[in-house]
Amino acid sequence: MSGGSRGRIGPGRPLVSDAVRSDRTTELVARDLRHVWHPFTAHSAWPDDEPLVVDRAAGMHFWDTDGNRYLDGVSSLWLTVHGHGVPEIDEAVRAQLGRLDHATFLGLTHEPGIELAERLLATAPAGLTRVFYAGDGSSAVEAAIKMAFQASAQRPGGGPARPYYLHVAEGYHGDTLGAVSVGGIELFHATYRPLLLETRMVSSPGVRTAGQTPAARAAEVLSEMRALLEAEGEQVCAVVIEPLVQAAGGMLTHDRSFVSGVRQLCDEFGALMVVDEVATGLGRTGRMWAVDHCGVTPDLMTCGKGLTGGYLPLSAVLAREEVYDAFLGAPSEARTFFHGHSYTANPLCCAAALANLALMEQRCTVAHAARVGDRLGELLQSVEEYDGVREIRRIGTMTGIEVASVGDRTGFAVCQAARRRGVWVRPLGDVVVLMPPLAIGDEDLQTLCGVVEASIREVVQ
Ligand SMILES: *Cc1c(COP(=O)(O)O)cnc(C)c1O
């Protein structure tokens, strides 16, 4: 991109005027476009979307390199908890830097890793007793599904290993191949189908026919699952679900009876229940964990995204003692979980996570998140009544506003309109996602909802 394209980029309405798009921004964008490859980004279209260069962040906002301020309406893609630049988390990371930057967790241990395991388990459903660290959500899911398979191969009483996973259409568990194998979003996953593990997939409990109740839909998918398990249950090592909200699938919500029903089927057919709380965990649904709404303890539970408050990459698999026990035995028996990463349990990440959890407890962040969720429901009432809106789906703070399609990228156009008004949100197709930092205050929440409403009215007429 040449300097000549400064300011006025692409068709349609310019986002910012020539006057405010600085040389620094123009230059950074040009350098980015020359060498950088971004995740989930359609690079042929992106230059015309006027890439936004983030310069700094504080609280609920970030600023671009031209000094424009944006409200972070999606928690920097579902991560931020207390906001950006939280003094307590900053300080915890700094203190950790002064003591220990990193040490391998392969055969060594350290205090932040030990303490975080204790703290996490103290928040988790009773029965989860072990923590295995990973780096991001995908790698936690990858570890969990490998654990489930190996645990089936090494279960007491023996029997052949169970090679299949049972999972749900419209599910999303990350982008590594194992995680993609248990996913169910055509747009993201179909390309890789020839490479993937063999699995069995049921329909989504979040996709209902007109007039069908969530409970009826849950029962329908559970009986689909039962039929598969009756036919091939001996071959299924784990059932993998996102509890209550299939987030990347478009904030598809389902009835809690689905989650408890999966627990019963897993017990009946001897499969492990793997619950992926990477998006729903750490308070997003208005409870610490989505499974807390359902009274269910899974066998393996993943978390990530909000774990470090949105600061650093860290995820974890929480496991029941029975699963862990399947990996015990003399070293010569090779029952070990031969899996790990260079940066497993990085102490800086653990320190950020510990500070995040301590603040969540002190500030009753989960209870606050529940109130934020209720407020979102109130503030979005007038949006829901608007003709251009098909449906609003929400559990706690996790919100999807499905707009009527009026062109190629309607959801995206709404988000660009919001950006012009100083609010940053990112869509999933024609679903405009709102997922504010849990600690958001009422004024910012009103701004978020007001701007999104105005943007929908502007684009969807
Ligand atoms: C985002 C997400 C993942 C993947 O996490 P990454 O940190 O992006 O690898 C896995 N599962 C769910 C439910 C997610 O929303």
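Please read these numbers as outputs of a predicted model, since none were measured by experiment. Counting convention: from 1, in listed order, for ligands and their atoms alike.
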> Hey, are Ser76 and Trp424 close enough side-chain-wise for a donor-acceptor pair under 3.5 Å?
no

> Centres of the His167 and Tyr165 rings: under 6.0 Å?
no

> Please determine whether the number of non-hydrogen atoms from other residues, nucleotides or ligands lying under 6.0 Å from atom CD of Gln446 exceeds 12.
yes

> I'd like to know whether the aromatic ring centres of Tyr133 and His341 sit less than 6.0 Å apart in this structure.
no

> So, His173 and Ser138: side-chain donor and acceptor under 3.5 Å apart, yes or no?
no

> Do Glu198 and Arg200 sit within salt-bridge range, that is, some charged N less than 4.0 Å from a carboxylate O?
yes

> Using a threshold of 4.0 angstrom between heavy atoms of the protein and any atom of ligand 1, which residues qualify?
Trp78, Asp136, Gly137, Ser138, Tyr172, His173, Gly174, Glu242, Asp276, Val278, Ala279, Lys305

